[in-house]
There are 2 protein chains.
Amino acid sequence: MEHLESEETEGRQKLHDTRHNFISSIAQNMDLYGLSETNGRLYGTILFSDKPMTLDDMSQALEMSKTSMSTGVRSLTEAGMLSRVWEKGVRKDLYQTDDDWYKSFTSIFVNRWRESTDKNKNAAVKAKSELEFLFQITGKGSLREEIQKDLEILDQAVRYYSWLNEVINLFENGGIFDIIPKK
Amino acid sequence: MEHLESEETEGRQKLHDTRHNFISSIAQNMDLYGLSETNGRLYGTILFSDKPMTLDDMSQALEMSKTSMSTGVRSLTEAGMLSRVWEKGVRKDLYQTDDDWYKSFTSIFVNRWRESTDKNKNAAVKAKSELEFLFQITGKGSLREEIQKDLEILDQAVRYYSWLNEVINLFENGGIFDIIPKK
DNA sequence: TCGTACGTACAGTTTTTACCGTACAAACTT
DNA sequence: AAGTTTGTACGGTAAAAACTGTACGTACGA
């Protein structure tokens, strides 16, 4: 019996270690999604939790302050990686991960890229129109040529961002799954 | 004549400002590609330069130390955003941007995502095999159930990363352009 | 071969970010 | 309504990153 118990705790330790290693891996690569490694570890911890977690649970699990958990949870929630869940009789806020990775990771990807692409495209369009005006009122000369050259670059930029925008749409509306089906 | 000269410098100033604004925009969003804002500004500056730039040129343009330019240029070069170019009679190293944005940005995207996806997938596969072994030698009980549950999560992870891997391939081999043509 | 110019390694400094503890506001319990 | 409990804003601190100047190795030109 004694022996079995030790096997049990040993196995539990192994399970914990394995989890920990995997969580470390995804946490280290979470910067691709705009999340810090710590928040990645937080996400991983909640992902493997068998039940929704409170801030105190997280604080204990990661041995970090509750304040940090609070801000981390906010980031993850805003990114759409986490959602708050209700349980009657429980006063504390409970959080859990969405178990559809396609949805979670696609949405965070789309949000980030959409925002930056829009900004850049707008900046390019604005710059272009400014230079087009400047081009009009500039007499022949080296300046005029420089403007011309900048306009070509900006034109390319706008086209690139338009393309990128469509790529993002493909992910947002799920069209990507027609091309590369979920596994 | 005096008047025309002032118009010329005024126009040049306007051109400079417009450039600067656009460069700021793309620099601020360069973190999506794993580059710092400063390096983004560096990229933008070289992009709009009419000729290849030396480290001293960059240092002067950004009012930053040559050392920083050196490290920045290295990052950008490694990322495939910049290439060194030769010019006879010029001792200094010359750098210029590749003018194909599709190529530049796709390659940097692919490299980053490929690396992290591989790592995560390997970590998931490793964890899975460890837990499968653990599952074998574990008698019925709560631990066994937990392992089971983790295995399901890992299974989903592996499938997700496989899918993501194919998505990355789509960008790497240019298949994406069949679906969403360049503009 | 010597001298000069270029790029970068390295160490020190500044700036930014991450994290924590305290304190307080909101919400729940009794 | 008073007393708890919970989450977060805020200010301070520790850790990390960005940036700089110096100093040195390397390569080119005389």
Side-chain angles (χ1 to χ4, degrees), chain A residues 23-24 26-46 49 51-79 81-96 112, chain B residues 23-24 26-46 49 51-79 81-96 112:
Chain A
I23 289 174
S24 293
I26 61 174
Q28 276 163 24
N29 298 113
M30 212 53 112
D31 62 316
L32 283 182
Y33 299 94
L35 296 172
S36 69
E37 188 176 335
T38 301
N39 285 347
R41 221 157 47 226
L42 181 57
Y43 172 81
T45 304
I46 302 171
S49 168
K51 31 182 179 290
M53 294 182 83
T54 68
L55 292 181
D56 287 313
D57 293 337
M58 303 172 201
S59 180
Q60 188 173 2
L62 296 184
E63 296 184 4
M64 287 181 69
S65 74
K66 205 166 129 183
T67 322
S68 293
M69 299 303 98
S70 177
T71 58
V73 159
R74 181 195 296 184
S75 300
L76 288 170
T77 306
E78 280 175 357
M81 304 285 291
L82 225 57
S83 53
R84 199 152 124 216
V85 66
W86 254 67
E87 227 164 85
K88 67 173 182 180
V90 179
R91 270 182 67 178
K92 304 185 182 186
D93 292 354
L94 290 168
Y95 294 92
Q96 68 182 16
R112 274 173 51 102
Chain B
I23 290 175
S24 292
I26 62 172
Q28 276 162 25
N29 299 111
M30 211 55 108
D31 62 316
L32 284 182
Y33 300 94
L35 297 173
S36 68
E37 188 177 336
T38 301
N39 284 347
R41 223 158 46 226
L42 181 57
Y43 172 81
T45 304
I46 301 172
S49 169
K51 29 181 179 291
M53 294 182 82
T54 68
L55 292 181
D56 286 313
D57 292 337
M58 304 171 200
S59 180
Q60 188 173 0
L62 296 185
E63 296 184 4
M64 287 181 69
S65 73
K66 203 165 129 183
T67 319
S68 294
M69 299 304 97
S70 177
T71 58
V73 159
R74 180 196 299 185
S75 301
L76 288 169
T77 305
E78 280 174 359
M81 304 285 291
L82 224 58
S83 53
R84 196 149 130 219
V85 65
W86 254 66
E87 226 164 85
K88 66 172 183 180
V90 179
R91 270 183 67 177
K92 303 185 184 188
D93 293 354
L94 290 167
Y95 294 92
Q96 68 183 16
R112 274 173 52 100

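What's counted below: heavy atoms across the whole structure, side chains too, no hydrogens, waters or symmetry copies. Note on naming: letters A, B, ... go to the chains in the order of the sequence lines (proteins, then strands), and numbering restarts at 1 for each one.
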Check: Contact boundaries of DNA chain C with chain A (under 4.0 Å, heavy atoms), 5' to 3'?
Finding: C/dC19 to C/dT29
Notebook entry, point to check: Among all residues two or more places apart in sequence or in another chain, which pass the side-chain contact (heavy atoms from CB on, under 4.5 Å) test with A/T77?
Noted result: A/V73, A/L82, A/Y95
Check: Quick one: the side chain of A/R91 and the base of D/dT5, do they pair up donor-acceptor inside 3.5 Å?
Finding: yes
Item checked: Student check: side-chain heavy atoms of A/R112 and B/L32 closer than 4.5 Å -> yes
Item checked: Any residue meeting side-chain contact (heavy atoms from CB on, under 4.5 Å) with B/N29, in chain and number order, not counting sequence neighbours -> A/S116, A/K119, A/N120, B/S25
Notebook entry, point to check: Reckon A/D93 touches a base, only the sugar-phosphate, or nothing at all at heavy-atom distances under 4.0 Å?
Noted result: sugar-phosphate
Notebook entry, point to check: For the pair made of CG in A/L55 and P in D/dA9, what is the distance, rounded to whole Å?
Noted result: 12 Å
Margin query: Holding to side-chain contact (heavy atoms from CB on, under 4.5 Å), I want the full list of residues that pass it with B/S65, two or more places apart in sequence or in another chain.
Written below: B/T67, B/S68
Note to self: Per the salt bridge (Lys or Arg N to Asp or Glu O under 4.0 Å) rule, what does the pair list look like for residues 60-74 of chain B, sequence neighbours excluded?
What the structure shows: B/D56-B/K66
Notebook entry, point to check: So which one's nearest nucleotide on DNA chain C is more toward 5', A/G89 or B/K92?
Noted result: B/K92
Notebook entry, point to check: Quick one: A/L76 CG to D/dG7 P, roughly how many Å, whole number?
Noted result: 16 Å
Next item on the list: With sequence neighbours excluded, tell me which residues meet salt bridge (charged side-chain N to carboxylate O under 4.0 Å, His left out) with B/R91.
Entry: none
Margin query: Can you list everything that forms a side-chain contact (heavy atoms from CB on, under 4.5 Å) with B/T71? Sequence neighbours excluded, please.
Written below: none
Check: residues 33-44 of chain A side-chain donor-acceptor pairs under 3.5 Å, at least two apart:
unit_1, atom_1, unit_2, atom_2, d
A/Y33, OH, B/Y160, OH, 3.3
A/S36, OG, A/N39, N, 3.2

Check: A/D56 has an atom CG; how far is it from atom P of D/dG7, in whole Å?
Finding: 7 Å
Note to self: Please encode protein proximity along nucleotides 10-23 of chain D as a string of B, S and -, counting only heavy-atom distances under 4.0 Å.
What the structure shows: B--------SBBB-
